[in-house]
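Just the heavy atoms: all of them, side chains too, but no hydrogens, waters or symmetry mates, feed the values below. FYI, the numbering just counts along the sequence from 1.
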Amino acid sequence: ELRIVTGDQADVTAAMLFAVVRAALQPANRDRTGLVRITDILTLDDALSTIKIAVPETRIAYYPQNKLNPVSDRNGEVA
């Protein structure tokens with residue numbers, strides 16, 4: 001389980017919309033047809049990086065399944 005603690009939800013939403021549009025316009029994704037999911041064009045790492053750039057105070061913690069204590073985020077910090 002990932003827990004993301006961040007600032008203004010509007011900033012995060014705008015950043016994610018930008019990331020999806022930017023990814024969709026990449027040459028590898030332009031010719032996709034049919035149903036396309038966000039996970040088809042945007043990786044989790046790309047999404048998290050976009051959020052942290054848009055809202056630098058964002059903290060991301062990983063909780064292993066059935067554990068109550070966070071391990072750490074991708075920068076070694078805990079939310």
Side-chain angles (χ1 to χ4, degrees):
E1 174 182 339
L2 284 178
R3 291 191 186 177
I4 301 172
V5 179
T6 190
D8 188 354
Q9 183 63 44
D11 292 342
V12 174
T13 301
M16 289 310 306
L17 288 171
F18 172 75
V20 171
V21 170
R22 182 179 59 200
L25 293 175
Q26 294 299 313
N29 293 320
R30 286 188 198 158
D31 296 330
R32 290 183 180 266
T33 59
L35 180 64
V36 177
R37 299 172 302 204
I38 191 171
T39 56
D40 293 332
I41 61 171
L42 188 66
T43 67
L44 178 59
D45 282 339
D46 289 341
L48 295 176
S49 294
T50 298
I51 292 171
K52 289 195 85 151
I53 290 168
V55 187
E57 67 270 16
T58 298
R59 296 294 171 258
I60 302 161
Y62 169 68
Y63 291 79
Q65 190 173 8
N66 299 322
K67 302 283 184 184
L68 296 177
N69 297 319
V71 175
S72 70
D73 78 356
R74 293 169 190 263
N75 292 326
E77 299 172 357
V78 175

note = Members sharing Val21's hydrophobic cluster, built from side-chain contacts under 4.5 Å between Ile, Leu, Val, Met, Phe, Trp and Tyr, are Leu25
Residues in side-chain hydrogen bond (donor to acceptor under 3.5 Å, both in side chains) contact with Thr13, at least two apart in sequence or another chain = Gln9
message = Applying side-chain hydrogen bond (donor to acceptor under 3.5 Å, both in side chains), can you list everything that pairs with Thr39, at least two apart in sequence or on another chain?
response = none
Non-neighbouring partners of Asp11 that pass side-chain hydrogen bond (donor to acceptor under 3.5 Å, both in side chains), sequence neighbours left out = none
With sequence neighbours excluded, residues passing salt bridge (Lys or Arg N to Asp or Glu O under 4.0 Å) with Asp40 = Arg37
Derivation and outcome, side-chain contact (heavy atoms from CB on, under 4.5 Å), residues Leu48 and Ile4 = CA-CA 9 Å; Leu48 295 176; Ile4 301 172; 3.7 Å; yes
query = For Met16, what are the other residues in its hydrophobic cluster, where any two members join if their side-chain heavy atoms are less than 4.5 angstrom apart?
reply = Val12, Val20, Val36, Ile38, Ile41, Leu42, Ile51, Val55
query = Just how far is it from atom CZ of Arg59 to atom NZ of Lys52, taken to the nearest 0.5 Å?
reply = 5.5 Å
message = Which residues pass the side chain to side chain contact (heavy atoms under 4.5 Å, CB included) test with Thr33, not counting sequence neighbours?
response = none
task = Could you tell me which non-hydrogen atom of Ala15 sits nearest to which non-hydrogen atom of Thr50, and how far apart they are?
result = O-CG2, 3.3 Å
